[in-house]
Each structure stands twice: as structure tokens, then as C-alpha cells.
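Working notes, beginning with the structure itself.
In what follows, every chain begins at residue 1, and chains take the letters A, B, ... in the order their sequences are listed. Quick caveat: nothing in here was measured; it's all calculated off a predicted structure.
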Amino acid sequence: MDKRYQHESVEEKWYSFWEKNSFFTPNVDHGKKQFSIILPPPNANADLHLGHVMYTVEDILIRYHRMKGDASLWLPGADHAGFETQFVFEKKLQKSGKSRFDYDRDTLYKMIWDFVYENRGNMENQLRRLGFSLDWSRQVFTLDPEIIKIVHRTFKKLFDDGFLYRSNRLVNYCTRDGTGFSDLEVHYIERNDPLYYLKYGPFVLATTRPETKFGDTAVAVHPEDKRYQKWIGKEIEVEGLIGKFKLMVIADQAVDPKFGTGMVKVTPAHDMADFEMGQRHKLPMKQVIGFDGRLTKVAGPYKGLKVAPARQKVVEDLKARGLIDRINEKYVHSIGTCYKCGHIIEPLPLPQWYIKIRPLADNAVKIIKSKKIKFSPKRFEKIALQWLTNFRDWNISRQIVWGIRIPAWKCLDCKNEEWIVTDGTAAENCPHCRGKNLEQDPDTFDTWFSSGQWPFATLKVKNEKDYEFFYPTQVLETGYDILPWWVCRMIMLGLYITGKVPFKTVCLHGLVRDAKGQKMSKSKGNVINPLTMADMYGADALRMALIYGTAFGNDVPMSEDKIRGMRNFSNKLWNIGRFIKMNQDSFQSEKINIAKLSIEKTTQTEDKNILEELKTLTDDVTKSIEEFRFDKGADALYEFIWHNLADKYIEAVKQRLKNYDQKALAVLTCVFITSLKLLHPYMPFITEELNKQLSLKEEQPLIISPWPKI
RNA sequence: GGAUCCGUAGCUCAGAUGGCUAGAGCGUUUCGUUGACAUCGAAAAGGUCAGAGGUUCGAGUCCUCUCGGGUCCACCA
């Protein structure tokens, strides 16, 4: 054995050994308990980042249960990550001077498909590199034809059950990315924008968006506001930049009499609250801002200007005409931006498909409250409930090509507004006029609509028996940051489609941050590349560094120092092994049959002590995995192996070993091998290698050896 | 405005159901390498557990308030 642990030569060897022997592939065996986890699918086109190494937690659970003898399935997949991927691809196009508008839909789709397929293998090999014991034989992709079928069927069922509707309400639209979003993708930021007090006929009212005044279709006051009582229901004449126009004064509860002058301009096409007021008062909509982010012809001479310059120009002209009463320059409010590109989100009227979320969410709340789904750490239950209680209808339409096309058609001949929804097969003719001139909705699904069906979809595609045996899955483990995006939606859709919970326990880890607790980002330059770290210090060290020392569920501060520390631990393990091996060899050269060594009836105090401590360790590690406190197990193992076993016990028995004390070698070997078993879920490679090196007889590989019992 | 997490040694963090002189890693200081490991060992320094009040025989641990951070949510025109 080398003086130092050389992870390079060990890790690859063992992964292919495990994979070739199908240890990752459980059979459907009703005689066994099942333990199943669906891997949160990484983006197919992207490399893994440090956060993905938190999958270690799932690997710990899977390896532990596999050793316990359960039929343990960890099912890998890849996500097409619709908008995210198209965004990345468009950037790439940009670099070569092209844009997505240079290609027709099918060509663009094909180009992205090729792009993703080129990169997909990277991600998969990186998962292997980190030692994750995933069942590759059951691997799935969100754009596999069978998955698409399931997603289509879900859409149709929602439609048939009345949980789906088409609505021309305001959608969160990013004019730069050219697509609408759900509420979750809008990122609100605090910003200073002047609050303009504009003269509106006999009144003054406050707005931050003077450029939308061309879209006003009323002014509103609070119904009980004394100042405006006699005007309610009357029409006022307003002098504007493009001539005089008339507006009705309406009364609505939504108006806050304390804000501004207590009067608000109503622009139903560009403000969520105004839109709702418009609905209540049957106001017309005038769209001032187009989907290209420029003012429309409604704005007369201002047509074609982008929003920001338009505002400037409008303010300038209003000032010149004496139509601005005053300006509050210090006004601060929160404003919606695109979570991806940071551009301001425009609420724009666009027909989209919405899921009626209340019945689904209410059911999810009921299930969680009845403890059919548990959360770990517990505090996340409250957060999930808060989300589920506040969800509003979910817009699942996206104006992008990279995704699953929505299976809905419209007849172009009979002008019927009715949609023909299928389970994916192309609609052939209009049920009203029998016409064949049908047009499919050009939109695709929100990625989260398909990944929200992941637990049952992945188990149904290959083999119905998998679904029967492995569903519901036992644990869903992911970062707490996607609790509303993903976890809540899986619960809602899982319950709706299968009538069962998709998983029994939700286990949420914290975010990996830098050594100072700051978010890692390219712009800050504090990103740690997991593959580089694995190459330098070993995958085991990297895995352990992420688990050790931080209470599970809290954010994990990470530094190269910490990984190096765990590399040192690997080396410590290695040298304990080397010490044992050295003694085994010297015993053998004295013709002692080390295969027959036994720990029975040892009389030495130090032997009894270490064996007693090993019992405690076994108990601690088992409990900490069962309770999802992986950090406690890691701490206990580190402490025991380094300080109890190496520093104290080994030092205590060195003299006995020199004298060929067989009990000493027996106890030492037994304690160490047992520790390796307990450590194997955390650090699979080095433990497997050491077990092989030290085994006295032909032993099973650790990956399938039985979990130690007290 | 609401929710939630956090403030413990120089740094990063552990410290279920309150109970022996408050712990670890890294860092610092001193000493130690001829047969496991310098990616090591032995020892040491270093904390009014953010602050105040309360419950208790006893509080880092429970309650209230204050201060200081982080994160998330909300249709602030």
C-alpha cells in the first residue's frame, strides 16, 4: 500500500465495478421492503455545480438502505429545462451573430436538441464521478416520448375535469425573452422611481407610469372617499398629449384613499390591480405596450419607443404642457423583474392556459396536515403550507419552442373560440364544422408542469410493475429553494393523478455558499467547481465536506480548506488501513492464521472500551441517517475513527501488536472494518478499497454487505 | 406589512425533550519525525454563549422585549 491515499486510481475502478455488477439496479421484489428516491433531474445541457454534490444525501440514504437489504432504487433523470436551456442556447446564438428569429420553429428545436444531446453525457459522467449509486438502467429524460405522453394525458385530464382554463388575463411577460411566466418566476426588487402627480381634468393623481396614460379607460376612487363622492359615475374630460379624452370616475374598494391623492388612473391592460378593476366595472382594455416592449399605435406619436425612453419623453412633454402638478423624486417601490435576465416584467394581456390551483392546493394542504407527507427539518412544513395556501392559478403556457408542445387546437374556419384538447394525438377536424383547417397552440408547457409529474411519470414509463412497487417513493430530497416551484407542484399533481402522495418524506438541504456564507456566483468569482475538487482531493473528501459540520437543512459554507481537511481524513483512514495491513503481514510471517482471529473473550480494558464505543457509534450513525441528520453521523464517524481509534486505541495496542497479541489485531481489524461499513454511505470509494485490502477472507463488497447491528 | 432562519473561541459551524469544568474543524503558540500517517502526534492560549428582563433548584438551550444580519412572500397605483 502507498504511503498516501491515491484516490485517482481507486475511484473510477470501483464505480465501474459496482455498475457492471448491477448493484445499483434493484429488482421488483415483493418479499423486500422498497426504498425509492427519484433524483431531482439536473438540466441535461449543463455541467454539475457544487450544489449538485448535495445529492450525496440521497446516496447516503440509498446506500444505507441497500446495505439494510431493502430493494433500493435511486432513479436518475435529466430535465430539458425549457426556458433555462433555450436562454442559454440563445446566448450562444447571439455570440455567432444570430437570433432565434432567424430559424423556423422546427429547425430551432432541432438545433437545441442537438446542443443538449452533445452536453448531456457530461452531466451523467459527472454524477458517476461523484460516486452516486444511481440505477442507470432506469434513466429517463423529460422529453422521452413516453414522458411526453404522460404529460399530455395529465393536461387532458385537467381539461376534462374542469381544472384547466384559457384566459386572456394579464400575464407576467418579459419583453426581452419573449415569453410569459408564472408568478413564481417574477423576482421583485426595491427601486426608486419618481412618483408623478399628473393633472387629470379637475383632479390630480399619482402614478409611476405616465407612459401608460394612453391606455387609461377610467379613473378610480375609494367608494367612501368624501372628496370625490359627487364625481362617482360622472365623466371627466382630460387634456392629454394626444388630444382631449373622456374618462369615467368609478368607485372601487381596491383604491387606497391614503395613497397619493386618493385617485388612481385605471389602465386595465398594464396593471394587475387595474385589470381586476376593469373586470369588475367592464372597462375596455387599451394596450399601450406591445410584446416587443415598445409603445403601440395607441400612443400616437410615441409609437415605437421603448418603455423607459417613452416615459422620459412623456414626462418632458407633460411638463412642457403644464400637466404635471408635482413630482416625488424619492419614491421607492418594488417592481417585478425577470428572474433570469433581470429585465422589468410587463403585465400584458395574452391568452394562456391556467390551472385552477385551489382545489389541487387545498387537497395538498389537507394531506400535509394529516402528516401523510412529513418534512425534515420540520420547519419546512410550515413554509410549504404557507405557499400552498397562497398559490394563485398557475400559468403553464410558455412562448418558447424548447419544451413539450401543448396539445390544443383551434379551428380556423368556424371562428369558434372552443379549444380541442387531445392526449397528444393531432386533432383531425373541428367538431363543429368538421373543417380540417386546425391550428395548434404554438406554446409549450412550463418545465415545472412536466417535472411536477416526475415521481409517477418516471416510474410508469419503463414498466408498470416499477410503479406498483416503488410508488409512492420514500423520500424526496432537494434544496429548499425549489420548495414552491417543484415540491409543492409534485404534491399537487401527484395526488391529483395517482390519488397517492408522491413521496412520504420531504427532506430539504440548505444552499451551498462560500466560506463567508455568501452565495456563489460567477460575477463574485467565488465559485468552486466540484469536478476540479473531486480530481484534486477525491470525490469522497468532497462529499464528506458537504455533509460534515453543518446541521442538515442549514446553508452550507464551503471552502477548499474544508475539502482539504476531509482529504486529510481520507489519508488518515488509509494509514489506519496500512498499519493494520502491516501487522497482518508480520503476523502471517510468524505463521499465525489471521483468518481465524476472533474478538471473543478479550480481557483487556482498552479492547472492551473500544468495542463499547463502537456500539455507540453504530447506534449514533444509524439514528442520524434515520432522522435525516447526516451531519451528526459524519461528525460521530470522524471523531471516533480519528480520535478514539487512531489516536488512542492504536497507540495503546502498539506494544501488544509487536508481541503478536492476536486479540489486539482481531479487535483492531473488526472495529475498523465495522467503521468502514458505517462510513461507506458517506465515503463509498475509499471504504470499499480498504475493505478489499484488509479482508481476511473473500468478503462481499461493502456496497452490498449488511449494515452493522449492535 | 407578514413569514422564517441566524447572532456561541480569530474564521466557519455543532450544541434533541433545560443538568457534570460550553465542543469540533481551520487558524495561532510551544514541543515532538529511525518501522501507519507532517495530508501526523502531544500540549497550550482563546468564549460576560448579541443585550435586557422573566420562568426554574438550575438556561447557550424555554418565554418576552431590544439591537444587529440573512432569506422568502405581498395586486405600494
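- Side-chain proximity of A/Ala551 to the nucleotides B/rA14, B/rC5, B/rC26 is greatest for B/rA14.
- With respect to the salt-bridge test (charged N to carboxylate O, under 4.0 angstrom), the residues A/Asp619 and A/Lys623 qualify.
- Straight-line distance from the OH atom of A/Tyr638 to the P atom of B/rA14: 17 Å, rounded to whole Å.
- Counting only residues at least two apart or on different chains, the side chain to side chain donor-acceptor pair (under 3.5 Å) pairs with a member in residues 541-555 of chain A are A/Asp59-A/Arg543, A/Arg379-A/Asn554, A/Tyr480-A/Asp555, A/Arg513-A/Asp555.
- Pairing of B/rU64, defined by two Watson-Crick or G-U wobble distances under 3.5 Å, is identified with B/rA52.
- We find that A/Glu639 and A/Lys648 are not joined by a salt bridge, their nearest charged nitrogen and carboxylate oxygen being 4.0 Å or further apart.
- Within the 4.5 Å cutoff, the side chain of A/Asp446 has no heavy atoms near those of the A/Asn395 side chain.
- Spacing between atom NZ of A/Lys562 and atom C1' of B/rA24 amounts to 11 Å, rounded to whole angstrom units.
- Within a heavy-atom distance below 4.0 Å of RNA chain B, the residues of residues 612-635 of chain A found are A/Arg629.
- Across all strands shown, B/rU17 has no partner, as no Watson-Crick or G-U wobble contact with both distances under 3.5 Å is found.
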Quiz item: Nucleotide by nucleotide, 5' to 3', does protein get under 4.0 Å of the base (B), only the sugar-phosphate (S), or neither (-) in nucleotides 72-77 of chain B, counting heavy atoms?
Solution: SS-BBB
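- Across all strands shown, the partner of B/rG25 is B/rC11, judged by Watson-Crick or G-U wobble contacts whose two distances both fall under 3.5 Å.
- Ring geometry for A/Trp486 against A/Trp448 counts as tilted: the plane angle lies between 30° and 60°, on a 0 to 90° scale.
- Side-chain contact between A/Arg227 and A/Asp225: present, with at least one pair of heavy atoms (C-beta onward) separated by less than 4.5 Å.
- In this structure, A/Tyr548 reaches the sugar-phosphate backbone alone: every heavy-atom distance under 4.0 Å involves primed, P, OP1 or OP2 atoms, never a base.
- Partner of A/Thr212 under the side-chain hydrogen bond (donor to acceptor under 3.5 Å, both in side chains) criterion, out of A/His270, A/Lys265, A/Lys286: A/Lys265 alone.
- Pairing for B/rG41 is with B/rC31, a Watson-Crick or G-U wobble pair whose two hydrogen-bonding atom distances lie under 3.5 Å.
- A cation-pi geometry, defined here as NZ or CZ lying under 6.0 Å from the six-membered ring centre and within 45° of its normal, does not hold between A/Arg4 and A/Trp574.
- Shown here are the side chain to side chain contact (heavy atoms under 4.5 Å, CB included) partners of A/Met582, two or more places apart in sequence or in another chain: A/Phe579.
- With a 6.0 Å cutoff to the six-membered ring centre and a 45° limit on the axis angle, A/Arg326 counts as a cation-pi contact of A/Tyr197.
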Quiz item: Could you write nucleotides 34-42 of chain B as a row of B, S and -, 5' to 3', where a protein heavy atom under 4.0 Å of any base atom gives B, of only sugar-phosphate atoms gives S, and otherwise -?
Solution: -BBBSBSSS
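- Legend: side chain to side chain donor-acceptor pair (under 3.5 Å) pairs involving residues 684-696 of chain A, not counting sequence neighbours, sorted by first then second residue: A/Lys13-A/Glu689, A/Trp14-A/Glu689, A/Trp18-A/Glu688, A/Glu689-A/Gln693.
- Pair assignment for B/rA36 gives none, since no Watson-Crick or G-U wobble pairing has each distance under 3.5 Å.
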